[in-house]
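No experiment lies behind these values; they were computed from the predicted model shown.
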Amino acid sequence: MQDNMSSSSKNSGSSPDAYGRLYKESRLAQKRLNTLLKYLADPVFAFTLDNTVEYVNPAFERVFGWTLDEIKGKNINFVPPHLLDQAKQGMKQLFLNRTVLDFETQRYTKDGRILDIMINGSILYDEHDNPMGQVLILRDVTAEKRMAKTNQIMFKISHALHTYHKLGDLVSIITAEIQKLVTVEGAFILLADEKADELYFFSARFKDAASGSKFKKIRFPADQGVSGHVYKTNRPLLIPDISQCDFYLRRVDEETDLVAKNMLSVPIRLKDRVIGVVSVVNKLQGHFDDTDTDQLMMVASTMALPIENTRIHEELEQSYADLKILNQAKDKVINHLAHELKTPVSVVDAAMKLLVKKLAARGIHDAQMEKIVSRGRRNLARILDIQYEVEDLLKKKEFAAYHILGRLVDACKDQFMLLAENQTRDAAVLDAVEKAIETLFGPARLENQTIFLDDYITQHLKKIAPDIAFRQCAINTHLDKALPVHIPREILDIIITGLVRNAIEYTPDSGQIDIIVTGTKTHPELVIKDYGIGFTREKLHLIFENYFIPPVSSEYTTKTPYAFNAGGRGFDLLRIKLFSERFHFTLKIDSTRCRYIPADTDLCPGDIRRCPFCTAPDDCFHSGGTSVCLAFLGSP
C-alpha cells in the first residue's frame with residue numbers, strides 16, 4: 001500500500017504532504033459548499049441528463065415540499081402542463097448557452113400550489129468537458145409578483161372609484177379586476193337588499209356577457225349559501241371543495257351554466273354593517289390560499305364606502321326623477337280636474353239663472369229667495385275664478401273660452417235637461433225626457449250575473465264592429481269555453497269597452513290585437529294584447545302605483561273614439577283597478593314602449609305602412625305593445 005502510494009506520488013510529481021493538503025482542502029471546500037447549500041435561502045435543484053434528481057437543498061424542501069429522500073433518483077413532475085413547451089425551450093437554451101439567467105416561469109409544489117419562480121442555472125461537466133447534469137437555483141418570486149400585481153390592480157380600482165359615477169359601471173370594472181387579481185373563472189359582487197333581507201347578484205363576471213346576465217336574475221335569502229353565511233357572520237370563508245359543502249346554494253348552478261368546484265367569499269363591510277359579499281369561484285391555477293383571502297379583503301374594504309356612496313347617490317337621483325314624474329302627473333291631474341270642474345259649475349249657474357227666470361215669469365218676487373240665489377251665483381263665480389287661476393298657474397297662459405265650449409259637449413243629463421226646459425214648457429215632454437235620461441244615466445242597482453266570456457267577447461266585437469270599421473286593425477280571437485264570471489254586466493261592459501278601446505286606440509293601422517279567453521280549474525282569464533306603441537316605463541310605473549295618467553289638454557276634445565291615439569280616456573285603467581278590488585279580479589299590465597319612439601313626445605304616424613322604421617308589419621309587432629290580463633278569482 002505504501003509502495004503504491006509512493007509510486008503514485010512520484011508519478012504525480014507530488015509529495016505525500018502535498019496530497020494530504022489537497023485532500024484536506026477538498027474536504028473543507030465540500031464542507032463549506034454543503035454549509036452554503038444548507039443555509040442558502042433559495043432552492044437549489046441538481047439533476048442528471050435523464051432528469052432524475054441528484055440533489056436538492058433544504059430550501060427546496062421548505063419551498064416545494066419534497067425531501068431529498070423522497071425524490072432522489074426519481075423524475076419530479078412539477079412543471080404545469082401549460083408550461084411544458086416553455087420548459088423544453090428553456091432546456092434547449094441552457095444547453096446552447098451553458099447557462100440560464102433570470103428565466104421567469106412557474107412550478108407546482110407538492111401540495112398543488114403554483115409558484116412564480118425565477119431560474120438561474122448551469123450545465124455540470126465532467127473532467128472531459130462532457131455534460132453530466134444541470135444545477136438550477138429556483139428563486140420564489142410569487143410574493144413579489146403578487147404584490148406588484150395587487151398594486152397595479154388596486155391602482156386601477158382606485159382610479160375607477162373617481163372615474164365612474166354609475167354604480168353598475170363602477171362595480172363591473174371592479175369585478176373584472178378581481179377576476180384578474182385572484183385568477184379565477186368567475187367573480188361576483190353581491191349586494192344586500194336590507195328591506196327584503198336578501199342578497200342579489202349586482203355584478204357577475206363569468207365566461208361571457210350572456211352567462212353573466214343569468215346570475216343577475218337570482219335573489220335569495222341573506223342567510224342561505226356560502227355568500228349568505230359570510231354576510232351574516234361578517235367573516236371570510238374558503239371552501240376548497242364545493243361537493244363537501246352542505247350549505248352551498250346549488251340553485252345558482254342549476255339556474256346558470258356555473259359548475260362550482262371551489263370558492264372564496266369575503267364580506268364588503270362598512271364600519272357598522274355588512275353591505276354585500278365578494279365571491280370568486282374555480283381557481284384557475286392551484287388552490288385558494290390565505291394570500292387570496294388577504295387580497296380579496298383588501299379590495300372589498302377599498303370599495304365598500306364608494307359603493308355605498310354611489311348607491312345612495314343613485315337612489316337620491318331616482319327619488320328625484322320619481323318626484324319629478326309624480327309632480328308632472330299631479331299637474332296634469334289638477335289641470336284635468338280643473339277642466340272637469342267647469343261643466344258642473346256652469347250647469348249649476350245656468351240652473352240658478354233659469355230658476356230666477358221661472359220665478360219672475362210666475363210673478364213671484366221673494367227678497368229672501370233672491371238673496372240666496374245671488375249668494376249662490378256669487379260663490380259659483382268665485383269657484384270659476386279659482387279654476388281659472390289654477391289653470392293659469394299650471395299652463396302659464398290666459399284661460400281660453402273654447403275649452404269650456406269643448407267640454408260642454410260632454411255634459412250629462414243636467415245640461416241636457418236645462419236645454420230641454422228652455423225649448424218647451426210641456427210638462428209631459430219634460431217628464432218623458434227626464435225619465436229617459438234617468439234610465440240611461442241614472443244610478444242602477446248592480447247585481448251579479450253569470451257570464452261566459454267567450455260568448456260575451458263575441459257579442460261585444462259584433463256590437464262595436466260598425467264603430468271600428470274605419471280602422472284597419474286585425475282583431476284575432478282565441479276564445480276557450482272557460483268557467484263563467486260572476487259580475488254585474490254593467491261593470492263588465494265598462495271594463496271590456498275601456499280595454500278594447502284603449503288597445504285599438506294605441507295600435508296603428510295595419511296592426512293587430514289579440515283577445516284570448518282561457519282559464520284554469522278555478523277561474524277564467526282574459527288577455528287583451530295589442531302590438532301598438534306601448535307605455536313608457538315612467539307611465540307604467542305610475543299606473544302600478546294607482547296614479548291617473550290624463551291626456552294632454554289638446555287631446556280632450558279631438559278625434560273620434562277608436563281612432564289611433566284618440567286619447568281623452570285617462571281614467572279607464574284607474575277605474576278598472578278600483579273595480580278589481582270590489583269585484584274580486586286581478587289586473588296585470590305588461591307594456592313595452594315602441595323602441596323607435598321611446599319618449600312620450602315621439603309620435604307614431606298611425607299606420608305601419610307610413611312608419612320609416614318598419615319595412616313589414618312584423619317589424620312593428622316586435623317593437624312594442626301592451627298586454628292586460630284579468631283573472632276573475634270569484635264572486636264578491
Can you check side-chain contact (heavy atoms from CB on, under 4.5 Å) on L526 and F585, steps first, answer last? CA-CA 11 Å; L526 169 65; F585 63 88; over 6 Å; no
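- In this structure, the side chain of E505 engages the main chain of Y562 through a donor-acceptor pair within 3.5 Å.
- Comment: R595 does not engage D619 in a salt bridge, judged by the lack of any side-chain N to carboxylate O separation of less than 4.0 angstrom.
- Listed here is the closest heavy atom pair of L453 and P524: CD1-CB, 4.3 Å.
- Contact detail for D454 and D480: the closest heavy-atom pair is CB-O, 3.6 Å.
- Here CG of D530 is found 7.5 Å from OG of S591. Values are rounded to the nearest 0.5 Å.
- Minimum interatomic distance between R593 and D600 (heavy atoms only, all atoms of both residues): NH2-CA, 3.8 Å.
- Of all heavy-atom pairs between V527 and C629, the closest is CG2-SG, 3.9 Å.
- In this structure, the side chain of D193 does not engage the main chain of E198 through any donor-acceptor pair within 3.5 Å.
- Rounding to the nearest 0.5 Å places CD1 of I491 at 10.5 Å from CD1 of I451.
- No side-chain heavy atom of E525 sits less than 4.5 Å from a side-chain heavy atom of I516.
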Output, in order, the C-alpha distance, side-chain angles, deciding distance and verdict of side-chain contact (heavy atoms from CB on, under 4.5 Å) for L587 and V628. CA-CA 7 Å; L587 171 68; V628 180; 3.3 Å; yes
Output, in order, the C-alpha distance, side-chain angles, deciding distance and verdict of side-chain contact (heavy atoms from CB on, under 4.5 Å) for Y456 and R489. CA-CA 10 Å; Y456 178 87; R489 182 174 289 272; 3.5 Å; yes
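- A 4.5 Å side-chain heavy-atom check between V226 and C245 finds at least one atom pair inside the cut-off.
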Apply side-chain contact (heavy atoms from CB on, under 4.5 Å) to T175 and F202, showing your working. CA-CA 10 Å; T175 309; F202 189 84; over 6 Å; no
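- A side-chain donor-acceptor contact under 3.5 Å links D602 to the backbone of A599.
- Residue F470 places its CZ atom among more than 12 non-hydrogen atoms of other residues, nucleotides or ligands, all under 6.0 Å distant.
- Without hydrogens or angle criteria, R471 side chain to I504 main chain gives a donor-acceptor distance under 3.5 Å.
- Using a 4.0 Å cut-off between charged side-chain N and carboxylate O, R251 and E255 make a salt bridge.
- Atom CG of L499 and atom CG of L630 lie 5.5 Å apart (nearest 0.5 Å).
- In this structure the side chain of I515 reaches within 4.5 angstrom of the side chain of L461, judged on heavy atoms.
- For the pair T507 and C473, the tightest heavy-atom approach, listed with the atom from each and the gap, is O-SG, 3.9 Å.
- Y506 and F535 have their aromatic ring centers within a separation under 6.0 angstrom.
- Judged purely by atom type and a 3.5 angstrom limit, T477 has no side-chain atom pairing as donor or acceptor with the backbone of L479.
- Atoms CG and OG, from L190 and S279 in turn, are 5.5 Å apart once rounded to the nearest 0.5 Å.
- A 4.5 Å side-chain heavy-atom check between D607 and F564 finds every atom pair outside the cut-off.
- For the pair K529 and Y531, the distance from NZ or CZ to the six-membered ring centre is under 6.0 Å and the angle to the ring normal is within 45 degrees.
- L483 contributes atom CG, which lies 10.5 Å from atom OG1 of T518 (distance to the nearest 0.5 angstrom).
- Counting only heavy atoms from C-beta outward, the side chains of I475 and I468 approach each other to under 4.5 Å.
- K232 NZ: more than 12 foreign heavy atoms inside a 6.0 Å radius.
- Inter-residue side-chain proximity for P508 and C620 is flagged as met; some heavy-atom pair is nearer than 4.5 Å.
- Counting non-hydrogen atoms of neighbouring residues, nucleotides and ligands closer than 6.0 angstrom, the NZ atom of K463 reaches no more than 12 such neighbours.
- Across F188 and R205, no two heavy atoms sit closer than the pair CD2-N, 4.3 Å.
- Proximity of D257 to F206: side-chain heavy atoms (C-beta onward) are separated by under 4.5 Å at one or more points.
- F201 places none of its side-chain heavy atoms less than 4.5 Å from the side chain of T256.
- Between I608 atom CD1 and S623 atom OG the span is 8.0 Å, to the nearest 0.5 Å.
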